[in-house]
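As the structure is a computational prediction, the values presented were derived from the model and not from experiment. Reminder, nothing fancy here: chain letters follow the sequence lines and each chain counts from 1. Heavy-atom basis, side chains included; hydrogens, waters and symmetry copies ignored.
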Amino acid sequence: MGKVADLMDRLTSLCKRRGFIFQSSEIYGGLNGCWDYGPLGVELKRNVKNLWWRDVVTSRDDMVGLDASIIMNPRVWEASGHVGGFADPMVDCKKCQGRFRADQLYYAVRQGQSRQGGNASVGFSAIADKAEDALVAMELQLKKKGRQIREWTNDFELIRYDHRQSEQTPCPACDEKGSLTAPRAFNLMFKTHVGALEDSSSVAYLRPETAQGIFCNFKNVLDTQRLKLPFGIAQIGKAFRNEINPRNYTFRSREFEMMEIEFFCHPSQADEWYQYWRKARFDWYVNLGLRSDRLQLRDHEKDELAHYAESCVDIEYAFPFGVSELEGVANRTDFDLKQHQEYSGKDMSYYDDQSKERFLPYVIEPSAGVDRSVLAFLCEAYTEDEAPDDKGLPQKRVLMRLHPKLAPIKAAVFPLVKKDRMPDIAHKIHEQLKGRWNAFYDEKGAVGRRYRRQDEAGTPFCITVDGQTLEDQTVTIRDRDSLAQDRVSCDKILGYLREHLGN
RNA sequence: GCGGGCGUAGCUCAAUGGUAGAGCAUCGGCCUUCCAAGCCGGCUAUGUGGGUUCGAUUCCCAUCGCCCGCUCCA
């Protein structure tokens, strides 16, 4: 365990040291769950988003983009189920630390006994949507304890949890009486007010997901883009969740960025497209350098499925702190369009003029966390190996083996030493490169030190102007991972990089 | 949100109820012809706010943040 924490520590330390990721508002002590991307981090993150956009939008014929607003009409969140489902009052057990929805907590109390002095005799508690289900749950509990059902069903009365009677309510998990806290509301949506008046009529929310902006614009996109099913709408943007407990570096943040696709299709084709996207999205990560044996597809169990989803799979990565979700691919059926049709009163159906059929499309949703991808790429890239020093002795080396397409800096240009016109030539090469790629120039200090700095930044190639350059117009190009150097003619540098960077 | 641990320089770590040190990094200079060399010099810290005290980085309280375990994760 110490080793795991250690690895994350070394990674976070490097990210700070080299300018990948900083804590938000650090000079004021930071803010839990919020992070800033530094000069290297912003390049990495932008590369992730650009590659995603290119792969799922611009290189396809069946996808268009969208950039919806973060603050939307609050009724959107009533339709989506976020307001109702997430404002639930919760109670905690102080003994076993269990947490339960107060409106789903039932308990059984023996009738009449409380009037005879003393506390009412309490049987069991259970969590259920309805009272009947609570009875069933309690019967199961009793059976487990080897008692007869008849023994209590007649004598006990089922009561919905009321905090004023918390003294006699046993915890559904540990049976301890009087250990439950007062109900508290947990809504993961950030609330704000639109306009100058801060009253209940002006309440609005920061979106907790980008998906609803797509659903709300389904008709607009359909009407303006001459699209036919199946097609998708893609969006990259910030979302906000007031997480109870942000943890694991940038993995669970309160402000985060998502890359989401809503792919609309005929209900009969939904499963086919679901299968397509779960594979396509898995392969995307592998192609950008995540090792497939650290990635897995995990199908949700039936009882784990969200209320809107028919099927759902998580693409999970083995982070140092545990296997965690990068992206979910879900078959959301027609749930969302149906909800918005009902709440807005606007028709959301699609008319297929070939089959003369009118229907609500099903939707497959690949929903990825940008920050989580970035973190996975960083974890995957972090490597410690050994490289020889100037005396040939092996020294520890830290490098970020980022895929060249993801690397913040594509190439660094160095004069071997700061004399003999070497800086002039190196400057010219840098000028040539920086119009096309993010390239970096450095002439200070020993060249070995400059190489090591670029290793930590994940720069795949270092181009060095040396004594031989002055004679035959060639430079060396050093590979980050192998340390091997190719000697390349100055006029072939662009071609070399194009070939090796893959873009 | 609960329980436990922890906050000293950019990073990693010392020390102390009475002047806060080191290594590395960084910056400037010298020197350097291929992988963190060397020398000289510079910048940089007790998370924040209260309290106790003649004096607090040290003790106490609060707060913010981080880590671990639980919890949560439409």
Result block: side-chain N/O donor-acceptor pairs under 3.5 angstrom for residues 422-429 of chain A, not counting sequence neighbours:
none

| query | When we call it a touch if two heavy atoms are under 4.0 Å apart, what does Thr476(A) touch: a base, just sugar-phosphate, or nothing? | reply | base
| task | Calculate the interatomic distance between Arg10(A) atom CZ and rC13(B) atom P; express it in whole Å. | result | 12 Å
| query | With a 4.0 Å cut-off, would you call Arg478(A) and Asp486(A) a salt bridge? | reply | no
| field | From rC72(B), rC35(B), rU12(B), nucleotide with atom closest to Tyr451(A) side chain | value | rC35(B)
| said: At 4.0 Å (heavy atoms only), tell me whether Tyr249(A) reaches a base, stays on the sugar-phosphate, or touches nothing. | reply: sugar-phosphate
| remark: Separation of rU26(B) atom C1' from Arg18(A) atom CZ, nearest Å, is 10 Å
| request: Tell me which of Lys396(A) and Glu26(A) sits closer to the 5' end of RNA chain B, going by the nucleotide each one is nearest to. | output: Glu26(A)
| Say you pick atom P in rA14(B) and the same atom in rU8(B); how far apart are they, in whole Å? | 11 Å
| task | May I ask you to evaluate whether Lys16(A) reaches the phosphate of rC11(B), defined as a side-chain N or O under 4.0 Å from OP1 or OP2? | result | yes
| request: Determine the interatomic distance between P on rG65(B) and the same-named atom on rG29(B); round to the nearest Å. | output: 42 Å
| Expressed in angstrom and rounded to an integer, what is the separation of Lys418(A) atom NZ from rC30(B) atom C1'? | 10 Å
| task | For Cys379(A), enumerate each residue passing the side-chain contact (heavy atoms from CB on, under 4.5 Å) test, keeping only those at least two apart in sequence or located in another chain. | result | Met8(A), Leu11(A), Tyr317(A), Phe319(A), Pro320(A), Leu375(A)
| query | Nearest of rC67(B), rC35(B), rU33(B) to any side-chain atom of Val417(A)? | reply | rU33(B)
| query | C1' atom, rU44(B) versus rC61(B): distance in rounded Å? | reply | 31 Å
| field | Whole-Å C1' distance, rC31(B) and rG41(B) | value | 15 Å
| request: For residues Leu295(A) and Phe282(A), determine if any side-chain heavy atom of one lies less than 4.5 Å from a side-chain heavy atom of the other. | output: yes
| field | Thr464(A) and Asp466(A): side chain donor to acceptor below 3.5 Å | value | no
| said: If you compare every side-chain N and O of Arg449(A) against the phosphate oxygens of rA25(B) (OP1, OP2), does one of them come in below 4.0 Å? | reply: yes
| field | Interatomic distance where CG belongs to Leu11(A) and C1' belongs to rC66(B) [whole Å] | value | 15 Å
| Residue-phosphate contact under 4.0 Å: Asn32(A) side-chain N/O, rC66(B) OP1/OP2 | yes
| request: Tell me what Gly30(A) touches on the nucleic acid: a base, only sugar-phosphate, or nothing, going by heavy atoms under 4.0 Å. | output: sugar-phosphate
| What is the nucleic acid contact for Asp455(A), judged by heavy atoms within less than 4.0 Å: base, sugar-phosphate only, or nothing? | nothing
| task | Please state how far atom CD in Glu456(A) lies from atom C1' in rG10(B), giving the value in whole angstrom units. | result | 12 Å
| Taking the side chain of Ala446(A) as its heavy atoms from C-beta onward, which of rG1(B), rU33(B), rA37(B) lies nearest to it? | rA37(B)
| query | When you match Glu325(A) and Gly33(A) each to their closest nucleotide on RNA chain B, which lands nearer the 5' end? | reply | Gly33(A)
| said: Check this for me, if you would: do Glu26(A) and Lys16(A) make a salt bridge, where the nitrogen-to-carboxylate-oxygen distance has to be below 4.0 angstrom? | reply: yes
| request: Compare the minimum distances between each of rC68(B), rU33(B), rC35(B) and the side chain of Arg247(A), then state the nucleotide with the smallest one. | output: rC68(B)
| message | Quick check: do Arg453(A) and Thr459(A) have side-chain heavy atoms less than 4.5 Å from each other? | response | no
| task | In whole angstrom, give me the gap between the C1' atoms of rU53(B) and rC59(B). | result | 10 Å
| Rounded distance in Å - CD (Glu471(A)) to C1' (rU33(B)) | 12 Å
| task | Determine the contact category for Gln23(A): base if any of its heavy atoms lies under 4.0 Å from a base atom, sugar-phosphate if only primed atoms, P, OP1 or OP2 are that close, otherwise nothing. | result | sugar-phosphate
| field | Among rA36(B), rU12(B), rC66(B), the one nearest Ser13(A) by side-chain distance | value | rU12(B)
| task | Quote, to the nearest angstrom, the P distance that separates rA56(B) from rU48(B). | result | 15 Å
| Are OP1 or OP2 of rU26(B) and a side-chain N or O of Arg453(A) less than 4.0 angstrom apart? | yes
| Donor-acceptor pair between Tyr382(A) and Glu384(A) side chains, under 3.5 angstrom | yes
| request: Measure from the ring center of Phe264(A) to the ring center of Tyr362(A) and say whether it is less than 6.0 Å. | output: no
| message | Give me the distance, rounded to whole Å, that separates rG1(B) from rG17(B) when you measure between the C1' atoms they each carry. | response | 37 Å
| field | Option among Lys238(A), Arg207(A), Lys45(A) that satisfies the salt bridge (charged side-chain N to carboxylate O under 4.0 Å, His left out) test with Glu257(A) | value | Lys45(A)
| Inter-nucleotide C1' distance (rG3(B), rA9(B)), Å rounded | 33 Å
| note | Secondary structure of RNA chain B per the Watson-Crick/G-U criterion (both distances under 3.5 Å; [ ] crossing, | other strand, . unpaired) is (((((((..((((....[..)))).(((((.......)))))....(((((..]....))))))))))))....
| Taking CG from Asp9(A) and P from rG7(B), how many angstroms apart are they, rounded to a whole number? | 14 Å
| query | Which part of the nucleic acid, if any, lies within reach of Lys444(A) when heavy atoms closer than 4.0 Å are counted: base, sugar-phosphate only, or nothing? | reply | sugar-phosphate
| Rounded to the Å, how far apart are Arg421(A) CZ and rU33(B) P? | 18 Å
| note | Winner on side-chain proximity to Leu31(A), out of rC34(B), rG65(B), rA36(B), is rG65(B)
| query | Taking the side chain of Arg252(A) as heavy atoms from C-beta outward, which of rA36(B), rU33(B), rC72(B) is closest to it? | reply | rC72(B)
